[in-house]
Number of protein chains: 2
Amino acid sequence: MKSDRKSQIIQTAAKLFREHGYNSVSMRDLADKLGIKAASLYNHIKSKEEILAEIIMDLAFDFTKHIDAVEQKEISIIDKLKEIIQMHVQTTIYKTDSLACMNKEWKHLGEEKQEIFLELRGKYEAKFLQMIKRGIEKGELDMKNAEITVFSILSTLRTLYHWYSNQSVIKEQELINTLQHNLLFGIVAVETAHKINLK
Amino acid sequence: MKSDRKSQIIQTAAKLFREHGYNSVSMRDLADKLGIKAASLYNHIKSKEEILAEIIMDLAFDFTKHIDAVEQKEISIIDKLKEIIQMHVQTTIYKTDSLACMNKEWKHLGEEKQEIFLELRGKYEAKFLQMIKRGIEKGELDMKNAEITVFSILSTLRTLYHWYSNQSVIKEQELINTLQHNLLFGIVAVETAHKINLK
DNA sequence: GTCTATAACGCGATAGAC
DNA sequence: GTCTATCGCGTTATAGAC
C-alpha cells in the first residue's frame, strides 16, 4: 500500500495542479508546499507524471465502477440518471481537487495512461448514451438528440467543481436535488410550457 | 490595425494553445507551424502572453456586448435565453479555437488582463442571473435555485466546443434548437413528468 | 522581416554525503 | 529520508548581421 508520505504528496499535488495547472507547478513548488526539497520527492515517487497518473486513474476507475453498478439495478431510467447525478455531485464535493485534475490535465498523462483513460471515458459516455436511448424507448424520456443530451448533462456535472468551490453555504442534498430537477425536467414553468405549446 | 501577419500568428497560436495548452506550446512550435524561426515572431508581437491576451480579450468583449444588447430588447425572458444560447453555439462553431483558449487558458493571462477578464465574466454571469430571476418573477420560469441554473446552463454552453469538434455532421440550427429545448424544457417526457407529479 | 547566435533562467531528475 | 550540488536540456526573449 501507499506510504502516508506518498499520499500526502499526491494530495498536495492535486491541489496545486488544480489551482495552477500541471505544467505551471514545478517539483520545487510542490516540495516547498510540503516543507522539503525537490530532490527528496524522488524517494517517494518516480516522476512528476506518475503523480498525475495516480490522481487521475483512481478516480476514472471509480466512475466506471459506479456506472456499471447502476446499469445492473432494476429501477427506472430516471432513477438511474438521478443516481449518476448524485455520484457526480458527491465526487465534486469530496474529491474536488482530483476531479479537477482529471478533467483539466488528462492530456499530460503519458501515452499508455492516456489511452486507458480515454477508453474508460469513452465507455462511460457510451453507457450513459445507452441509458438515455433506453429511456426514450420506454417513453420515460423525450428529446431531439440523445448525443447532445449526454454531452450537455455530463458537461454540467464535470465542471460543477468550478462553481462549487466558490460556494460555501449550499448543502449537498440541495445541490443534488436542484441539479436532478434542472437537468431532467428543465426550468420553464409548466403553464408557460403549455402556452408555448412546444411540448 | 493588425497586420495580416500578426492576425495569422494569433490564429495559429489559438489553434495550438487549444490543442496542447498554453504552457505546452513553445514559441519554437508556433514559429515552426508558420514556417519561420522563433526570433522572427518578435517583429510582430511583444511576448507570448500578449498573443494569449489578444485571443481572449477580444472574445470576452464580444460576449459582454451581446448580453448587453439582449438585455435591452423588449422580448420575453425565454426568448432572451434562446438568443443567448444561439450566440454561444455560433461562437462555438465560428470561433472554436479562441473560445477554447478563453475557457481553458485565462489563468495564464498577466495580472491586469486577468483582472479585467474576471470582471467581464462576473458581470456576464450577474446579468444572466438577473434574467433568470426576472423570468421567475414573471412566472415564465420555475426552479429551485437560480444560481445553480446559471452555472448549469453556462457550463454546457462554455464547454460545447469539446463535444462539437468531434462532430462533423450536425447542423448549426439543429444544435441551437436541441440545446434551447434541453436546457429550458428538460428531457423527461410530459406524461412521465405528470405521473411523477414533481412538477 | 527573417536569420544566427546567445543570454538568462527554470525545469525534471540524479549522485552521493549525512 | 532529507540534504546539497549539479547535470543536461528547454524556455522566452534579445542583439545584431543580412
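Every chain is numbered from 1 and lettered A, B, ... according to where its sequence line falls, protein lines coming before strand lines. All values derive from a computational prediction rather than experimental measurement.
Here dC11(C) presents its P atom at 18 Å from CD of Glu49(A), a figure rounded to the nearest Å. In this entry the distance linking NZ of Lys48(B) with P of dC9(C) reads 19 Å, nearest Å. Whole-Å rounding puts the Glu50(A) CD to dA13(C) P distance at 10 Å. Rounded to whole angstrom, the span from the NE2 atom of His44(A) across to the C1' atom of dC3(D) amounts to 12 Å. Rounded to an integer number of Å, the gap from Leu41(B) CG to dT14(D) P is 12 Å. With rounding to whole Å, Asp4(A) atom CG is found 11 Å from dG1(D) atom P. Between the P atom of dT12(D) and the CG atom of Leu52(B) lies a distance of 13 Å, rounded to the nearest Å.
Ion pairing between a basic and an acidic side chain is recognised when a charged N comes within 4.0 Å of a carboxylate O; Glu191(A) and Lys195(A) show no such pairing. Lys80(A) has no carboxylate O lying under 4.0 Å from a charged side-chain N of Glu83(A), or vice versa, which leaves the two without a salt bridge.
Across Glu125(A) and Val150(A), no two heavy atoms sit closer than the pair O-CG1, 4.2 Å.
Remark: nothing in residues 21-32 of chain A comes within less than 4.0 Å of DNA chain D through any heavy atom.
Proximity note for Lys37(A) (side chain, C-beta onward) versus dT4(D), dG1(D), dA13(D): the nearest is dT4(D). Taking every side-chain heavy atom of Tyr42(A) into account, dG12(C) is the closest of dA13(D), dG12(C), dA15(D). Of the candidates dT12(D), dT4(D), dG1(C), dT4(D) carries the atom nearest the Ala39(A) side chain, counting heavy atoms from C-beta on.
Within the 4.0 Å cut-off from OP1 or OP2 of dG1(C), not a single side-chain nitrogen or oxygen of Ser40(B) is found.
Ring pair Phe63(B)/His88(B) is tilted by interplanar angle, where 30° to 60° counts as tilted.
Within the 4.5 Å cutoff, the side chain of Leu175(B) has heavy atoms near those of the Trp163(B) side chain. Between Trp106(B) and Leu52(B) the shortest side-chain heavy-atom distance does not fall below 4.5 Å. Annotation: side chain of His162(A) is not in contact with side chain of Ser155(B) (no heavy-atom distance under 4.5 Å).
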